[in-house]
*Asks:* 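Have a look at this one.
Just so it is clear: chains get the letters A, B, ... in the order the sequence lines come, proteins before strands, and each one is counted from 1.
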Amino acid sequence: MALNPQQLAAVKHTDTPLLVLAGAGSGKTGVITEKIAYLIEKKQYQPRSIVAVTFTNKAAQEMKSRLSKKLGKDVVRQLSVSTFHRLGLNILRESPEPAGLRKGFTILDQSDAISILKELIREQNCPLEERTAQHMISTWKSAFLTPEQALAAADSDQATSGALLFRDYEQWLRSCNSVDFDDLINLPVQILKTDPQVREQWQGRVRHLLVDEYQDTNVAQYSLMQLLMDKFGALTVVGDDDQSIYSWRGARPDGLITLKDDYPNLRVIKLEQNYRSSQRILRAANAVISHNPHLFEKKLWSDLAIGDELCISVCRHGLDEADWVAGQILMRQYQKKCNFSDFTILYRSNFQSRHFEKALREKNIPYQITGGSSFFDKAEVKDMLAYLKLLVNPDDDTAFIRVVNTPRREIGPNTMMKLGEYARSRSTSLFSASHEMGLETVLSGKPLARVQSFVSWLTLQGDNAERGDAMAVVQGVFDDIHYRDWLETTADTPKQAEKMLASMDELLEWIGRMMVDEDQKDRSLAEIVNRLSLHDMLSRQDDDKPLNAVNLLTLHAAKGLEFPHVYMVGMEEEMLPHKNSIEDEDIEEERRLCYVGMTRARYSLTLTRCRSRQRYGESSLSEPSRFLADLPPEDVVTIGDVGENNEERDRQAGTDALASLREMLSRA
DNA sequence: GCTGCATGCGTTTTT
DNA sequence: CGCATGCAGC
């Protein structure tokens, strides 16, 4: 890759802290990649002494894939390129004891945390909503507050209730040998602060730390970063305040400024040349973001071609929008003889993908959805994951409760209540409580026998899992409980049964693929369960042979990526900007989100909006997004905006699609 | 203890 | 509209 002077300076600045203020499309990922290569090849750094951190799995994968091309897979394997959470997990996994954890600890995802809170809220008769409580607790944890401190600082009834929940929640986690996502950052920070041995070990190892999308760092992640590079480490952080879109997760765009206070010798390099987007796209994006205040003055420019006008398509309703976009993609794919993977549909919220999936399926267009955890939300997937978690960590009460009676083992709420109370009185997990002789004081007869039979089965399977051939154990477990039969009987239509079985097979397939790691060695079941918990899977297909499919993803997930042709859909008030942001009068972040979306596009950018939209089944009118009004009129063509009908637009699209169809048939 | 139906509820974004 | 939870009936 040819580097411009600023990029080159950023690559060669290796010994002291460096902040790269990198505008969208200014080649920042390239700089990180080149810099890692430079450190290894020119500066003789050991690959394992370089740690690169990203915020999403997708970004980490992307970076690894680019490094592989540059340095080869053997080198990349030794590098540490991961999300902050994965890095924290690695620290915890090497030294769980100082954090009060044991080997095989469980990672709870958000929905696990919610169900624990739901249970605690019921127990405590607490007036809070689970989601509110979770957000409170997460905020406290990210600020390193203990439940006691939170309670002491509580200045309202709500905060007091929350702090009491927090106390029990933490107790629950510890007694289940479990951590939540916040703990994956917080506990490593605590360990590094308090355990000299672990600190020495990590600080001795890290010689250069690179943080991508630095503007998304929160206080806890920043602490982790500081601790890791405290001794010998040099630091490269790359960020853009205009692309800060995670403030809801505690990210502080002003972290770009406070960095100067913590590192007085910080060098700042700006990257202002955009190598990605056409002039028009860049101009339009700049026009949108110019309404925001800026921390740093920077003017992004490009010497690429002027490019086509941006297209705004006005549709009647959601189905029409999806249909039109799918039709356009089909048409343009044939006209331009390009790949389906050159097209990307971006939206604010995951649920918006539905209509587009349907429209693409109907037209037989291959597509690929990134993120949108719907797969992991499915009951059958959660159940299976709970079984696997239990094999690795039988003290995981959340998983225990989930599957103890799935499939039916005739262990009902009554039995579980008694078992739960007993376990709590002995401050132990449900699993180990089931082994205690004293349990016979609260349970007897058939209920007792059923519980004991379940835990001894679990013990047996867990022992098998530890001994190896994890795949055989996984298969064995689901065969043993006749999980396929259970899914079939529990589904209310044959069609649904089919879907559930398909999910089951998909998960098994994933697990099979994850069984073997990059070194062709067997991964432990624990490692696989961790990865599944972090939704960190290997990419479905080889890097060498990318899937030729239209990309569907949220604006958040698109950050850091680029695509030839982009469709930003649902450009309406209450969608983008989102309803809640309008209510909270916090539009700036939504504007940045819009900016991020627009700057993903290389050659063409199409924005769509609907006149009306089905919300909760009701149809209601939609207003155009305020961001559309900021686009320079000379760079935009609007279609379908004539009165109440789109006949002209559809006629045009229809004839074009027909021409494409003819061509397709003539080739066949 | 389980199944079926009705009602009521809700949708940001990610690890 | 689609899902989850809750209640009534078996």
*Asks:* Heavy-atom contacts under 4.0 Å between residues 83-96 of chain A and DNA chain B, which residues?
*Replies:* A/Thr83, A/His85
*Asks:* Salt bridge or not between A/Arg174 and A/Asp183? Use side-chain N to carboxylate O under 4.0 Å.
*Replies:* yes
*Asks:* Salt bridge between A/Glu488 and A/Arg484, side-chain N to carboxylate O under 4.0 Å?
*Replies:* no
*Asks:* Closest nucleotide of DNA chain B for A/Leu534 versus for A/Arg348: which of these residues is on the 5' side?
*Replies:* A/Arg348
*Asks:* Please report, rounded to the nearest Å, how far the P atom of C/dC1 is from the CZ atom of A/Phe351.
*Replies:* 16 Å
*Asks:* Ion pair present between A/Arg613 and A/Glu321, side-chain N to carboxylate O less than 4.0 angstrom?
*Replies:* yes
*Asks:* Using OP1 and OP2 only, check whether a side-chain N or O of A/Asn350 sits under 4.0 Å from B/dT14.
*Replies:* yes
*Asks:* When you get a sec, tell me which of B/dT15, B/dG1, B/dT12 is the closest nucleotide to the side chain of A/Arg131?
*Replies:* B/dT12
*Asks:* Using the 3.5 Å cut-off, write out each protein N or O paired with an N or O of nucleotides 5-10 of chain C and the distance between them.
*Replies:*
| residue | atom | partner | partner atom | Å |
| --- | --- | --- | --- | --- |
| C/dT5 | OP1 | A/Lys118 | NZ | 3.3 |

*Asks:* Tell me every residue that passes salt bridge (Lys or Arg N to Asp or Glu O under 4.0 Å) with A/Arg66, counting only those two or more places apart in sequence or in another chain.
*Replies:* none
*Asks:* Can you tell me if A/Arg409 touches the phosphate of B/dC2, counting only side-chain N or O atoms and a distance under 4.0 Å to OP1 or OP2?
*Replies:* no
*Asks:* Ring-on-base stacking between A/His578 and B/dT12, under 5.5 Å between centres and under 30° between planes: is it there?
*Replies:* yes
*Asks:* Mind calculating the distance between CD1 (A/Ile185) and C1' (B/dT14) to the nearest angstrom?
*Replies:* 12 Å
*Asks:* Nearest whole angstrom, please: distance from the P of B/dG10 to the CZ of A/Arg615.
*Replies:* 16 Å
*Asks:* Surrounding CD of A/Glu498 (heavy atoms of other residues, nucleotides or ligands, distance under 6.0 Å), is the total greater than 12?
*Replies:* no
*Asks:* If you assign each of A/Gln614 and A/Lys58 to its closest nucleotide in DNA chain B, which residue comes earlier from the 5' end?
*Replies:* A/Gln614
*Asks:* Do A/Arg402 and A/Asp112 sit within salt-bridge range, that is, some charged N less than 4.0 Å from a carboxylate O?
*Replies:* no
*Asks:* Taking the minimum atom-to-atom distance to the side chain of A/Asn405, which one of B/dT12, B/dC2, B/dT14 wins?
*Replies:* B/dC2
*Asks:* Can you tell me the distance, in whole Å, between the CZ atom of A/Arg408 and the C1' atom of B/dG1?
*Replies:* 8 Å
*Asks:* For residues A/Phe181 and A/Phe84, establish whether the separation of their ring centroids is below 6.0 Å.
*Replies:* no
*Asks:* Applying the 5.5 Å / 30° rule, does A/Trp248 stack onto the base of B/dT13?
*Replies:* yes
*Asks:* In whole Å, what is the span from the CD1 atom of A/Ile107 to the P atom of B/dT14?
*Replies:* 19 Å
*Asks:* Can you measure A/Leu224 atom CG to B/dT15 atom P for me and round it to whole angstrom units?
*Replies:* 17 Å
*Asks:* What's A/Gln110 touching, base or sugar-phosphate or nothing? Going by heavy atoms closer than 4.0 Å.
*Replies:* base
*Asks:* May I ask you to decide whether A/Asp240 forms a salt bridge with A/Lys28, counting only side-chain N to carboxylate O separations under 4.0 Å?
*Replies:* no
*Asks:* What is the nucleic acid contact for A/Asn57, judged by heavy atoms within less than 4.0 Å: base, sugar-phosphate only, or nothing?
*Replies:* sugar-phosphate
*Asks:* Taking only the side-chain nitrogens and oxygens of A/Thr554, find out if one of them lies under 4.0 Å from OP1 or OP2 of B/dT14.
*Replies:* yes
*Asks:* Return the orientation label for the A/His556 and A/Trp248 ring planes: parallel under 30°, perpendicular over 60°, tilted otherwise.
*Replies:* perpendicular
*Asks:* Could you state the NZ-P distance from A/Lys559 to B/dT15, rounded to the nearest angstrom?
*Replies:* 11 Å
*Asks:* May I have the distance from A/Gln221 (atom CD) to B/dT14 (atom P), rounded to whole angstrom?
*Replies:* 15 Å
*Asks:* Is the A/Tyr246 ring parallel, tilted or perpendicular to the A/Phe55 ring (thresholds 30°, 60°)?
*Replies:* parallel
